[in-house]
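Below is one structure, written out as structure tokens; the observations come after it.
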There are 4 protein chains.
Amino acid sequence: MHVTIWNENRHEKKNPEVGKVYPEGIHGALEQFLQAEGRTTGTAVLDEPEHGLTEDVLNKTDVLLWWGHIAHDEVSDHIVERVHERVLEGMGLIVLHSGHFSKIFKKLMGTTCDLKWREANETERLWVLDPSHPITEGIGEYIELEREEMYGEHFDIPAPDELIMMSWFEGGEVFRSLCTYQRGNGKVVYFRPGHETYPTYHHKDIQRVIQNAVSWAAPLNRPRPVYGNHDNPLETIQPKGDL
Amino acid sequence: MHVTIWNENRHEKKNPEVGKVYPEGIHGALEQFLQAEGRTTGTAVLDEPEHGLTEDVLNKTDVLLWWGHIAHDEVSDHIVERVHERVLEGMGLIVLHSGHFSKIFKKLMGTTCDLKWREANETERLWVLDPSHPITEGIGEYIELEREEMYGEHFDIPAPDELIMMSWFEGGEVFRSLCTYQRGNGKVVYFRPGHETYPTYHHKDIQRVIQNAVSWAAPLNRPRPVYGNHDNPLETIQPKGDL
Amino acid sequence: MHVTIWNENRHEKKNPEVGKVYPEGIHGALEQFLQAEGRTTGTAVLDEPEHGLTEDVLNKTDVLLWWGHIAHDEVSDHIVERVHERVLEGMGLIVLHSGHFSKIFKKLMGTTCDLKWREANETERLWVLDPSHPITEGIGEYIELEREEMYGEHFDIPAPDELIMMSWFEGGEVFRSLCTYQRGNGKVVYFRPGHETYPTYHHKDIQRVIQNAVSWAAPLNRPRPVYGNHDNPLETIQPKGDL
Amino acid sequence: MHVTIWNENRHEKKNPEVGKVYPEGIHGALEQFLQAEGRTTGTAVLDEPEHGLTEDVLNKTDVLLWWGHIAHDEVSDHIVERVHERVLEGMGLIVLHSGHFSKIFKKLMGTTCDLKWREANETERLWVLDPSHPITEGIGEYIELEREEMYGEHFDIPAPDELIMMSWFEGGEVFRSLCTYQRGNGKVVYFRPGHETYPTYHHKDIQRVIQNAVSWAAPLNRPRPVYGNHDNPLETIQPKGDL
């Protein structure tokens, strides 16, 4: 199983505050704890050729993590198509935080994926709604983050196939924070927390959820279904009279 | 409530067989039975300017029906964006038969919407799975069509919010034939039957389902949620210490 | 359409505080605003013979509202069976607040329906998650209640068919507050607010949601499906050789 | 991981035809292929004390398989309660074929679980609707069974959380054949095929689905959520004025 971590990697270069929280970049922080459990990983960033998502890289990727924020528009439509096709073929996709506005997530959802937001150092508490779901393994009844950016409803997404966690925010809002979707042969996870100026990805429970999500989103070993013309019926069709 | 019926209207011109079944076009046949129950309707076809879907037409449309097949690619992306935005604003959309491959349906679903198909004059039987759903009002346990085109699974769509009817085909396949989805403020219905060479839209039960779907997909009288920055919290946020 | 409002009606007799908020009982308050929009209504309470839910009453009831709290165990299993059967036949059921622990709701859900709770005069804010749903017609982005009892996750229910509103509580919890389920030919709504010591059912938006829920849960005019042996196949079955 | 296979084991004793197909009983056939992949298993049958489902047995069981048909009523309510509680605690439950009418399945569903049926040696073809689901790993686009009992819609169950396979029957019906549900901390699978007079459980693909279902339904290592009074809020609640 190979995990590729994609990061826009722009805040890290512009904002020293972010550099202090994530000295190896957000992708570096994600890679570190995934490797710590023995995952085979690679990283890719916006400014690499083909954004680091060449056909070779994507073909060997089982699960792709996606973090982006201020440069969604710079991601080429061609690469978005390539990622989309891989998801439908079975590659897992885990969209993090401000990735809600990425081209790939909007394309997979069919909606604007818009939401309310506020940067105000406020407490977030993510409650588990589905204690039977493997992505919650090892997590208590909730995860508390002392400070995070707020994302509030309405979140303009299709009703999730599975709604697993729901956030409470100090300022008065709620948010569907851990959602899954099936698309073709692939599985998609959206996980809300992870604003660039907070140490969210250093939090053990947040790491646990992402580790679990990687396991859950792993592809099956099966081909895409066969589509198109099926002239040969599986059963005999009786001749019908004139219309 | 204003219903707009959009039809590609190409088979009707090229294939005399289709002209015999639907002398006023497929849009004409749909309009006729919708009007018979007192609906205010209009039609629009591909070859009109802006495909007949001007801003004026769409702004006054509460529910849009969509039939297309051989010319999906000729529908301009600009008009697809306009329809998409109207759906998210609340306009109901009812996608019929080969409309599964229309740009607007694929955009709303986020998948290929591909399927298996066969033209072999075969029997289709649509079974009701959800007898509590208003779209099934007035329908028995199933609708039987002596001859139809086959559409078979796998149908590459997201898991429907509601799966209401499921088709049995003489040649051995099954298909999710009546599905609903919520997208933004809008409601989307996919309804499978309606191949152009068969008198499907003259069938009373098929008409009943479409009438019911129009009622069900009608927009609410409510604005889109407010998205974006919400700097003013609804509750007091406590100051936090240094990170 | 006939609406029956069932109330345990015990707090009203024991607690003068409740009597002040609901001088005609909770059922009286519910009836008043339902009648104000022209509904035909009736009420039934625990201490009537058959709890007021005779076969005659239930047979003419299209939608049943249910409020109970301290005397769930006094509801006879026989009457619960009768209500259950009517729901499966198509009668709408709207379960309010502490009705989450009623026998009928637990029977329909198959789970304990347990939750966290606290009586602390705290603010509740119910956010709309599905702005396309008819039960939210006429409601803004949220409903704010200055003081209510808290119900917190985990709420031990099956994943709702539709999750329409989600509550934020001042004390730090969240809750799935407006949920729908399909059961047989019937539709079930759970709506959280309505603690007996608060004037929640006098709030215009809460009344609006309940009015909308009554409309949404109305039965279709269709019989139960036919179950059991179907010896006569709809299609010819080919003889098979020996096993 | 410990798998317990529960079987009514009555047909096997009464009907020599069944004995020929399943000389070790249906539970024996199920156990054989589960053990072949290294599962730790045990069996339990109706006529044992406590139906073989003592507290000790259930406490060590991670996933329970259930096959019953002609003696559902002989299963004691007390044992059904015990199994129900274990499911809510996290034990996986896989209900097979005529187990649709078992007390435990009806209790978990909240509906009658009724359906249409016919014994006519007819072909069944189970189509995969969700190619991303781990229960379909190793299965092609469909499973074909030359002869089976027919189960037809309407199947009186709640809308499944996940609908994974759908059956086509030679006689003209369809059926939701592979469904999953979440209940409390537990996961429930219903899988249709397996009439006692056919060698269905000797079919490699049917065995594969059941193996996969066992893996999927395995419990997480997490306690039940805490329910009941939570007098201590997580956040400060502001005093409110008089009502």
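These numbers come from a predicted model, not from an experiment. Values reported hereafter were calculated over all heavy atoms of this structure, with side chains retained and with hydrogens, waters and symmetry mates removed.
No more than 12 heavy atoms of other residues, nucleotides or ligands shown are found within 6.0 angstrom of CG on B:Asn221. In B:Glu85, the CD atom is not crowded: 12 or fewer heavy atoms of neighbouring residues, nucleotides or ligands sit closer than 6.0 Å.
Atom CD of residue B:Gln238 and atom CD of residue D:Glu235 lie 8.5 Å apart, to the nearest 0.5 angstrom.
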Task: Full working for side chain to side chain contact (heavy atoms under 4.5 Å, CB included) between B:His154 and D:Val128 - done: CA-CA 7 Å; B:His154 179 248; D:Val128 172; 5.9 Å; no
TODO: Please report the C-alpha distance between D:Glu141 and B:Lys116 in whole Å, then the side-chain angles of each, then the deciding distance to 0.1 Å, and finally whether the side chain to side chain contact (heavy atoms under 4.5 Å, CB included) criterion is met.
DONE: CA-CA 12 Å; D:Glu141 296 206 55; B:Lys116 295 180 171 65; 2.5 Å; yes
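Only the backbone of D:Phe169 has a heavy atom closer than 4.5 Å to any heavy atom of chain B. Using a 4.5 Å cut-off between heavy atoms, D:Glu173 contacts chain B through both its backbone and its side chain. For chain D, the nearby part of B:Ser167 is the backbone; its heavy atoms alone come within less than 4.5 Å. Interface residue D:Leu163: only side-chain heavy atoms are found under 4.5 Å from chain B. With a 4.5 Å cut-off on non-hydrogen atoms, D:Ser132 does not touch chain B at all.
Looking at every heavy atom in both residues, B:Arg176 comes nearest to D:Leu129 through NH2-O, 3.6 Å.
In terms of non-hydrogen atom pairs under 4.5 Å with chain D, the most contact-rich of B:Tyr142, B:Trp168, B:Trp127 is B:Trp168.
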